[in-house]
Amino acid sequence: MENKHILKLLKQTAKLMELFGENDFKIKSYNSAIYNLEKADVRLADLDQSALEKLDGVGKSIAASIAEIIETGSLKQLTDYQNKTPEGVMEMMKLSGFGPKKIKLIWEDLGIDNLTDLIEACKQDKIAALKGFGAKSQDKMLESAKFLISRRGFVHYREAEKIAEALIEHLQELTDKNFVSTTGAVRRKMEVIKPIELLVGAKEKSKIKSSLEKSANYEVNEKLSGPYKLKLREKETKAEIDIYFTPEENFANELYRTTANPQHLVHQTDKGESLYKLLKQENFKSEEAIFKAADLPFIAPELREGLWEFEMAKEGNMPKLIETDDLKGILHNHSTYSDGANTLERMATYCKELGYEYLGISDHSKTAAYANGLQEFRVKQQHEEIDELNKKLAPFKIFKGIESDILNDGSLDYADDVLASFDFVVASIHAQLNMDEKTATERLIKAISNPFTTMLGHPTGRLLLQREAYPINHYAVIDACAEYNVIIEINAHPWRLDLDWRYVKYAIDKGVMISINPDAHETKGYHDMYYGVCVGRKAGLTAKETFNALSQKEVEAHFNKKKEAALQLIKS
DNA sequence: GCCGTTTTCGGCCCGACTGTTTTCAGTCG
């Protein structure tokens, strides 16, 4: 069992303890144990009770809880809390800007236990009247509640892909393997998904239906299901799933039709008819045959949005889309120096084991106190360790980086001589996220214009399905990156995927390099780069435009050139 | 609940921000 799962249950427990008004210090000790365990470079499942008790912040009671989770996969204390909490209240706990204490008050004083009633209460000014609330809180709560309702049933791509893969495996046991596929948004690798769509040959329809009805993992929605469609819900994540059935001779046509964004299908072929109409004329054997009939090159599923794929096809140079194998190094990563879970050495050796040529370590900078950001003397210590490791691991190389906080006024949080000691600087915003578009854009552009800024980190700060992006003028920000020779990252964490792929295309057109960065806080995080590759492909990204597809030598040359220019500039 | 000691009891991770207060609690990264 992974640490992540254990910590997830402990976090839920701590949150619910707060909702039920447990002793504040008891809650604090849970949170401090979680805080320490997130940074602990150990595999909890390998430890017994007495070894667990020796960990920082873990005593007898929490050690016993961890042991229980390892043994049974669950925690009775947590289950008891969950049984006492209405589903609607659990949903209310996700309101951004409101923690368990505020939710507790609303639940207890007003008896509100779901988002719909909460919205009604906001409209009737009942929330603003509560102690500790006011008009502003009420407005924020209303907005946040509406946001949550609009995201119901959505899951992140990572979850959608996992659920789809498991379901496909199940279906392939019941019917002809060749007639089972993902389709729709999940096949187009969208960043968030609702519903997860699958296309299946109709031959074993009834067998599939009864098998799914018996399954413990899914609920079949009888009302919304019909002869050509099964509507399900995955129980654990509440993800919505649509399974379409189609006669096998029509499979390729249906796969093509249901995969594409409707905008794609209205495209007129050279014969002056839409792709949609073409599909009605003939049952094709494969998608390749459909493209051939339309006199088009093969267009990868993730590009079928009706945005720019036909323009690419017309120019006769369909891009060879980026693949994970094209990436030669991993930039923007954290270690135990700040808030990462693994040591610098482990991060480096694992990166090397995976076959990469280089690693860029960019721990948090000093302003990020919550993340144990690096004071100047610790920067120096880290650089000494990197020099040692580089001797040991050569020809593999660790680049000295930093994720420098962009302060409110757009400046970075180290003096020039410290900034100059890094090979590269990722500039990111972590605090004061509630800016208007003008302020946020100016703040970013000021940071981009800093001669030491190598790369812009997660440009909008969004957390998909959880926190809206702060508004920015993407075009102005990207133009600034082009002007100041700054790389933009696609932060590949499945909750971020920021820069959004819709703007990656603009960045490419402007000649801005894109770096696919995992923002890894543990070795396992490296594998998230796959999700960055998925969204990069949607924008038509190729290896040529991807910074970390460059070799170690090329990356080094870029870093050096940028730094020399910066030093020249501050001298003059 | 955990920790550390001047060892069985008292204090508890950091700093900023927000919106509510009228000095501070709650939330967040």
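So that the names make sense, note that chain A is the first sequence line, chain B the second, and so on, each numbered from 1. The figures that follow rest on heavy atoms only: side chains count, while hydrogens, waters and symmetry mates do not. Predicted model only: the values in this text are computed from it and were never measured.
- Between A/K11 and A/E38 there is a salt bridge, since at least one side-chain N of the basic residue sits less than 4.0 Å from a carboxylate O of the acidic one.
- In terms of position on DNA chain B, the residue among A/K26 and A/K101 whose nearest nucleotide sits closer to the 5' end is A/K26.
- Nucleotides B/dC13 and B/dC3 place their C1' atoms 13 Å apart, quoted to the nearest Å.
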TODO: Give the B/S/- string for nucleotides 11-19 of chain B, one per nucleotide from 5' to 3', where a protein heavy atom under 4.0 Å of the base yields B, of only the sugar-phosphate yields S, and otherwise -.
DONE: -BBB--SSS

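- Among the heavy atoms of the strands lying under 4.0 Å from A/L55 are primed sugar atoms or P, OP1, OP2 only; no base atom is included.
- For A/E353, there are no side-chain hydrogen bond (donor to acceptor under 3.5 Å, both in side chains) partners at least two apart in sequence or on another chain.
- By the salt bridge (charged side-chain N to carboxylate O under 4.0 Å, His left out) test, A/D80 is found to be paired with A/K76, residues two or more places apart in sequence or in another chain being considered.
- Residues of residues 103-111 of chain A having a heavy atom closer than 4.0 Å to DNA chain B: none are found.
- The partner of B/dT8, taking Watson-Crick or G-U wobble pairs whose two distances both stay under 3.5 Å, does not exist in any strand shown.
- Taking the ring centre of A/F98 as origin, the terminal cationic atom of A/K140 falls inside the region bounded by 6.0 Å and 45° from the ring axis.
- For A/K397, the side-chain hydrogen bond (donor to acceptor under 3.5 Å, both in side chains) partners two or more places apart in sequence, or in a different chain, are A/E556.
- Looking only at side-chain heavy atoms (C-beta outward), A/H334 and A/E522 stay at 4.5 Å or farther from each other.
- Across the P atoms, B/dG29 and B/dT23 are found 30 Å apart, a figure rounded to whole Å.
- Atom CG in A/L37 sits about 11 Å away from atom P in B/dC2, given to the nearest Å.
- Near DNA chain B, defined here as any heavy-atom distance below 4.0 Å, the residues from residues 58-66 of chain A are A/V58, A/G59, A/K60, A/S61, A/I62, listed numerically.
- Using a 4.0 Å cut-off between a side-chain N of Lys or Arg and a carboxylate O of Asp or Glu, A/D139 and A/K136 do not qualify as a salt bridge.
- A donor-acceptor contact closer than 3.5 angstrom links the side chains of A/D405 and A/H430.
- The C1' atoms of B/dT21 and B/dG26 are separated by 13 Å, rounded to the nearest whole Å.
- The nearest heavy atom of DNA chain B to A/G57 and to A/Q466 marks one nucleotide each, and the one closer to the 5' end goes with A/G57.
- Cation-pi check for A/K102 over A/F133 is met; the charged atom lies under 6.0 angstrom from the ring centroid and within 45 degrees of its normal.
- B/dC17 and B/dC12: their P atoms are spaced 23 Å apart (whole Å).
- Comparing B/dT7 with B/dG1, their P atoms are spaced 24 Å from each other, to the whole Å.
- The same atom, C1', is picked in B/dT18 and in B/dT8; the two are 41 Å apart, to the nearest Å.
- Shown here is A/K84, whose NZ atom has more than 12 heavy atoms of other residues, nucleotides or ligands within 6.0 Å.
- To the nearest whole angstrom, the two C1' atoms, one in B/dG11 and one in B/dT5, are 12 Å apart.
- A/E403 and A/S428 share a donor-acceptor pair across their side chains, judged by distance under 3.5 Å alone.
- For A/Y475 and A/Y503, the ring centers are positioned less than 6.0 Å apart.
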